[in-house]
2 protein chains.
Amino acid sequence: MAQQAQFEELARQLSAFGAVKRDLGRILPSDCPAGSAGVLTLLSRHGDMRMSKLAELLSVDMSVTSRHVTHVAERGWIERAPDPADKRSRILRLTPAGEAKVCELSRRSTELLAERLSDWSDDEVGQLIRLMTRLRASFGDCRTTHSRATPTGATAPVIETTTRTPA
Amino acid sequence: MAQQAQFEELARQLSAFGAVKRDLGRILPSDCPAGSAGVLTLLSRHGDMRMSKLAELLSVDMSVTSRHVTHVAERGWIERAPDPADKRSRILRLTPAGEAKVCELSRRSTELLAERLSDWSDDEVGQLIRLMTRLRASFGDCRTTHSRATPTGATAPVIETTTRTPA
DNA sequence: TATTGTTATACTCTATAACTATA
DNA sequence: TATAGTTATAGAGTATAACAATA
């Protein structure tokens with residue numbers, strides 16, 4: 001358990017961290033804002049999925065996800081195929097053009113980070129990634145569904161507060 | 001120098017980090033959004049300062065700073081005193097009500113972090129703070145003015161790209 | 001009746017540019 | 001002519017709520 005002064009400092013760092021995100025956003029293609037880039041990157045990493053799953057990975061409301069998805073679909077970077085198992089759902093899938101876009105995005109962000117972090121060691125970058133991942137987990141675990149089947153078939157009784165507008 | 005796969009992962013973490021910031025933003029008082037909270041916190045930490053200095057600390061354009069400052073001034077949390085040394089400038093100063101607001105903000109964010117990071121060690125939180133600070137520096141150093149006098153009186157010849165709208 | 005996804009609306013944050021008043 | 005600060009405008013991101021289609 002850390003101390004109060006540390007939490008205040010951490011809150012300050014989180015508040016100021018937007019500047020880094022904005023810098024990273026400035027290198028994006030003009031037709032692919034951050035929201036669209038997030039959609040493409042996650043589809044590339046995790047493969048085809050439904051809207052609800054994507055909204056969960058993005059940690060935003062599904063209404064927001066829907067807009068981002070519409071944007072990238074209009075540009076031909078993804079396809080929305082009907083889900084044979086549930087006619088309400090749609091399966092999102094990267095098109096070849098979308099995959100190309102993902103490569104471009106990856107190249108741009110990697111170049112910027114390689115330039116900015118040229119004096120960072122491999123280990124330091126790894127440490128930061130590890131701690132950021134853990135911080136996200138510490139926040140996300142209290143609202144993301146964790147009702148995944150265990151090896152015994154039991155499910156964790158976690159209250160599910162999805163990324164859904166309360167109806 | 002880190003590897004390409006690490007940079008891709010770091011870019012993903014940065015992209016997803018907005019969720020943590022949003023969680024932190026949800027605990028703010030309804031009359032004090034994140035922009036206002038940033039102004040108050042920085043004034044509390046660094047003491048009285050001018051608009052331009054505040055904009056630099058916030059890493060946003062001065063036009064943005066001006067709006068946030070107007071918001072907190074209208075609520076009586078800061079005062080804008082004329083600068084005797086330069087009639088164009090104004091000195092920003094926290095009022096007692098502003099100091100009280102800072103305490104409330106600090107209390108709220110500290111409580112949330114203490115709850116979410118209850119299983120983090122003191123050292124881990126310190127590590128995260130250190131690495132986030134360094135990452136911000138690695139990004140900010142290429143646009144913040146560093147023309148500070150050295151012990152010998154010389155100044156670093158760094159191109160100054162301030163937080164100013166190009167006129 | 002509950003869930004998946006869409007759309008309309010409103011709010012916050014940001015940058016750009018034009019404007020003022022001083023320097 | 002240049003700088004400090006303000007304001008107007010536009011764009012992106014998000015949440016809430018109402019809605020349609022399906023389970």
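Below, read A as the first sequence line, B as the second, and so on, with proteins coming before strands; counting in each chain starts at 1.
Rounded to whole Å, atom C1' of dT14(C) lies 16 Å from atom CG of L24(A). Rounded to whole Å, the distance from CG on D31(B) to P on dC11(C) is 15 Å. Rounding to whole angstrom units, NZ of residue K21(A) and P of dA15(C) are separated by 14 Å. Atom-to-atom, CZ of R26(A) to C1' of dG11(D) comes out at 14 Å; the value is rounded to the nearest Å. D23(B) has its CG atom 13 Å from the C1' atom of dA15(D), to the nearest Å. Here the C1' atom of nucleotide dT4(C) and the CD atom of E56(A) are 15 Å apart, to the nearest Å. Per the geometry, CG belonging to L58(B) stands 11 Å off P belonging to dC13(C), to the nearest Å. Atom NZ in K53(B) sits roughly 13 Å away from atom P in dG5(D) (whole-Å rounding).
DNA chain C lies under 4.0 Å from at least one heavy atom of each of the following residues of residues 65-75 of chain B: R67(B), H68(B). DNA chain C lies under 4.0 Å from at least one heavy atom of each of the following residues of residues 78-86 of chain B: D86(B).
Between the CD atom of Q3(B) and the OG1 atom of T110(A) there is a distance of 12.0 Å, given to the nearest 0.5 Å.
Using modelled atom types, one finds a donor on one side chain and an acceptor on the other under 3.5 Å when comparing T133(A) with Q13(B). A side-chain donor-acceptor contact under 3.5 Å links R12(B) and S15(B). At a cut-off of 3.5 Å, with distance as the only test, no side-chain donor of D123(A) or S121(A) sits close to an acceptor on the other residue.
Distances from the side chain of D61(B) to the nucleotides dA15(C), dT3(C), dA4(D) place dA15(C) closest. Residue S89(A) has its side chain nearest to dT4(C) when only dA15(C), dA15(D), dT4(C) are considered. Closest to the R90(A) side chain, of the nucleotides dT14(D), dG5(C), dA23(D), is dG5(C). Of the listed nucleotides (dT14(C), dG5(C), dA23(C)), dA23(C) has the atom at the smallest distance from the side chain of R88(B).
The minimum heavy-atom distance linking L40(A) with C32(A) is given by the pair CD1-SG, 4.2 Å. When every heavy atom of S59(A) is checked against every heavy atom of A19(B), the shortest pair comes out as CB-CB, 3.6 Å.
When side chains are defined from C-beta on, V39(B) does not count as touching H71(B), because their heavy atoms never get closer than 4.5 Å.
Taking the charged nitrogens against the carboxylate oxygens, E9(B) and R45(A) do have a contact shorter than 4.0 Å, which makes a salt bridge. Of the charged side-chain nitrogens involved, none lies within less than 4.0 Å of a carboxylate oxygen, so that E111(A) and R108(A) do not count as a salt-bridged pair.
Counting distance only, with no hydrogens placed and no angle test, the side-chain atoms of S63(B) and the base atoms of dT16(C) include a donor-acceptor pair under 3.5 Å.
Atom CZ of R93(A) is surrounded by 12 or fewer heavy atoms from other residues, nucleotides or ligands within 6.0 Å.
For dT14(C), one of the phosphate oxygens OP1 or OP2 lies less than 4.0 angstrom from a side-chain nitrogen or oxygen of R22(A).
Nearest-nucleotide assignment on DNA chain D puts the 5′-proximal partner with A34(A), out of A34(A) and K87(A).
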